[in-house]
Amino acid sequence: MEDAWRRLGARRWRELAERERREFQQQPALKYSFRFSQRKLSSEDEAILEQLSAQCSTQKDPKTELDFKQQGNARFRVKDYVQAVALYSKGLRHSCAASPQAALLYANRSAALYHLQRYQECLEDIRRAREHGYPQQLEHKILARHTSCLHHLRIPDTASGPQSGEDLSDGGGQSTRAAALPSVGAQSQSQNCPCARNASATILYEVSPALTLHSDTLRGRHLIATEELRPGETLLQEEAFAAVLIPGGRGKELPGNEDLYCHHCFGQTDLPLPCTTCSFSSYCSELCRQSAWRQYHWLECCLGGLLLALGTFAHLALRTVLAAGMQEVAKVQNEGDQYPGEQQSKREDPNHRTGQMGCSGAGGFSGKADWMSKDGPSRYKMIHSLLTHTEQQTPKHRFLWAFTAAAVCRAIRQKGLEPQLLSGELELESAQGQRLSTLGVALLQHMLQLQCNAQAITALRDTGVGNSHVAEVEEIRIATAFYSGMSLLNHSCDPNTSITFRNTTIIVRASRPIPAGQEVLHCYGPHWSRMAAKERQRALCLQYFFQCWCTACVSEEKEAARRESLLTQYLCSHCGFTLQDTEEADCRCSNSSCGHLVSKLSLTQQVQQIISKMDIARGLSAENPDAAFQILSECQQTAQNLLSSQHPVQGEIEDCLAQLYASQADWSAAAGHLRRSCELVGAQFGDRSVELAKQLFKLAQTLFNGQVVDEALGVIEQAECLFSLHCGSDNQMLIELKEMKSCLQPLASIFPVTAQHSLHHTH
């Protein structure tokens, strides 16, 4: 839907008269841009947006509610309790407060949870079923389940639980007891809530005292180490100023982010509590649901599917304004009018995306200044000061975002939400027709800022591929956020920090020693280990409007060139020598006696075919492993003839083969392929990278399952060091590694060291 709206905006731009486009280009001020687009937003555009919003409808639907309930019951009957829980949860999204189905859905979900032995959560759903008016004539069913849960949890209860053979689903089992359920207390309600568990650990804004803020014309605002920082040392912890969950993310057949994460704290939950008014937002607990409503959802909920149709940036811009409050937004805007920030913040050589020159000029900030303040207004001022790059972005791009801001403001006005949103002082502007101008300008500013300053919140998620006992996880983007402190870190393609997330809290750690006086740097995405220098420079210029001069980009060392060549190195199909890149559309064989030319497009297509075949093999690994082995063998043969021995795709093939052997419990073969995969990952990303840590984790699991005790302990120790360096002590993989180590240590030297397997093990 977002694409459809942007196409409409692009069409409106093309329909402008040449004079209007020229005038818009010559007037980069945000206030002018918003008002211009506001005038161009027609009733026809509003009608089209209404249609797009309807396609993203967030209204409750009783028919959909009932359909999911019936689907859940069908899965329950065949004892697929995990899927039954997911379907009941989907049904609850469409349950309104007065729906008679809500109580039944909670009760049915509690039955599935009981069979999954999730007794505490089962009790919670029983409580919710009763709160939603569970029929009194059926109460004996949930009473029996409640008593049995208490028994399993060793919580005293005067009544005995149900017989072991009793059917606890809502379709069976009779009980003679019909008394009121005893209370399990408020404590149980909070213990299973991700946000409640992390509440004590939530950090609003905390910076290492060994960092200080500097500013100059070359780098803008940036952080400098005042003393030597050790690898793994925490430099910054910060709660997002505002963040929005990204819908979708796993394809049509798998649950999207909106089904797996709390829409407020972003903690993972498979038992969401739905918003009582819309069918989209859901939460991990009553606490998160209440907090979201109070802070922003009271407005977003009324806008229905409009924000989904307009896209994540528009949604996040609005949530940023709501997080700051219109009073603060108006105040900061007025201060900006007195001191035009965009002009002051222009740098002579804009090598970095963030920063704004202070009134005192270069070096005018100190580490103890107000940039460390934890209060909301100070943090919003830092967000407000981020560059919009209006002069680097095209007039068309600015018009599209201004057009979007105008649409949001028009919808708020039409739904009568202005009195709740705008303060009394802002209401005085209505006489001059400027009632929503403050909001519109703020929305436009934040949407422009997000192109260069949005921070992706990521999470590790099991891919669910195959039938292996070895973890197969991927890092996925689940949300987009504004961070005020994080925005101070400039870019490097070879950064000296690594980041992790605890729900919406970002944690920045030193990834290597940082001497006093050195700048603290973060990678914006184009990393030296993933992209060649030309690709990185192109990506940075397109999105961030600067050319990078970091060490990785200017280094003339042979090692840097060698690493970069691994990403693009191909072999000549005639003689096996490496192909050399040229300025033309072809690559030439480095063997002067051969000189064979190969189309770059052809090479890219062949690599894509290998990757596509690997995806097919992953899908077949559980049901037809022989076919998967055949496909991967073909991939391996093609790769050996096409790619250098250290090309990253070679490592992906080794990893796929390892997963396939592990699914067949052939731990020896799986370990052989993982050893080779670890070598290739280390060559690509470095021997101190988090990518290598994840691959070593898989090898540790394989060796653990194969009882190769001494080698497993060595791999575990190596992986522990890397995870501690990049992710901290609460990382789930690190915790699992420690558990494996505690199991293996008593067995060390009892089992003989298994001989090393060959790195290439074919089926």
Side-chain angles (χ1 to χ4, degrees), residues 59-81 83-116 118-153 155 157-186 188-189 192 271-277 279 282-283 285-286 289:
Q59 291 184 348
K60 304 280 191 181
D61 183 0
K63 182 180 182 303
T64 302
E65 174 190 27
L66 184 59
D67 287 346
F68 279 125
K69 175 174 174 281
Q70 292 170 347
Q71 292 176 44
N73 289 345
R75 300 316 306 167
F76 187 97
R77 283 192 290 271
V78 296
K79 299 184 179 180
D80 185 357
Y81 301 120
Q83 189 61 23
V85 166
L87 290 165
Y88 291 142
S89 296
K90 284 181 174 289
L92 284 166
R93 286 181 178 273
H94 288 273
S95 295
C96 61
S99 170
Q101 295 295 332
L104 298 177
L105 281 163
Y106 277 121
N108 288 3
R109 195 169 76 173
S110 76
L113 291 169
Y114 180 88
H115 284 284
L116 292 170
R118 296 170 62 175
Y119 302 119
Q120 187 66 65
E121 292 148 315
C122 175
L123 289 172
E124 291 300 315
D125 271 359
I126 290 173
R127 174 182 61 80
R128 294 179 183 118
R130 298 187 73 236
E131 288 175 352
H132 283 77
Y134 190 72
Q136 190 171 3
Q137 66 271 22
L138 300 176
E139 198 168 65
H140 60 274
K141 299 177 181 178
I142 58 173
L143 175 61
R145 192 174 308 135
H146 183 279
T147 302
S148 187
C149 284
L150 295 179
H151 173 74
H152 284 291
L153 293 171
I155 298 175
D157 184 53
T158 54
S160 59
Q163 297 299 315
S164 59
E166 183 178 2
D167 182 2
L168 294 175
S169 73
D170 288 320
Q174 298 292 322
S175 171
T176 58
R177 183 182 175 195
L181 297 176
S183 171
V184 289
S188 65
Q189 299 179 27
N192 294 289
L271 301 176
L273 294 178
C275 170
T276 57
T277 308
S279 63
S282 59
Y283 307 94
S285 65
E286 283 90 348
R289 183 164 63 183

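- In summary, of the residues considered (Y119, F76, Y81), a ring pair (Phe, Tyr, Trp, His ring centres under 6.0 Å) with Y114 occurs for Y119 alone.
- The salt bridge (charged side-chain N to carboxylate O under 4.0 Å, His left out) test applied to D61 returns no partner, not counting sequence neighbours.
- Distance CZ/R118 to CZ/R109: 9.0 Å, rounded to 0.5 Å.
- In this structure a side-chain-to-backbone donor-acceptor pair under 3.5 Å is present from R289 to P274.
- At distances below 3.5 Å, at least one donor-acceptor pair connects side-chain atoms of T147 with backbone N or O atoms of L143.
- Applying the salt bridge (charged side-chain N to carboxylate O under 4.0 Å, His left out) criterion to K90, with sequence neighbours excluded, gives D259.
- Considering only residues two or more places apart in sequence or on other chains, S279 meets the side-chain hydrogen bond (donor to acceptor under 3.5 Å, both in side chains) condition with none of them.
- Between the OG atom in S99 and the CG atom in L92 there is a gap of 9.0 Å [rounded to 0.5 Å].
- A distance of 9.5 Å separates CZ of R130 from CD of Q136, quoted to the nearest 0.5 Å.
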Passes salt bridge (Lys or Arg N to Asp or Glu O under 4.0 Å), R128 versus E131? Steps please. CA-CA 5 Å; R128 294 179 183 118; E131 288 175 352; over 6 Å; no
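- Of the possible polar contacts, one joining the R145 side chain to the A107 backbone as a donor-acceptor pair under 3.5 Å is found.
- Atoms OG and OH, from S110 and Y88 in turn, are 9.5 Å apart once rounded to the nearest 0.5 Å.
- With rounding to the nearest 0.5 angstrom, the NE2 atom of H132 is 5.0 Å from the OH atom of Y106.
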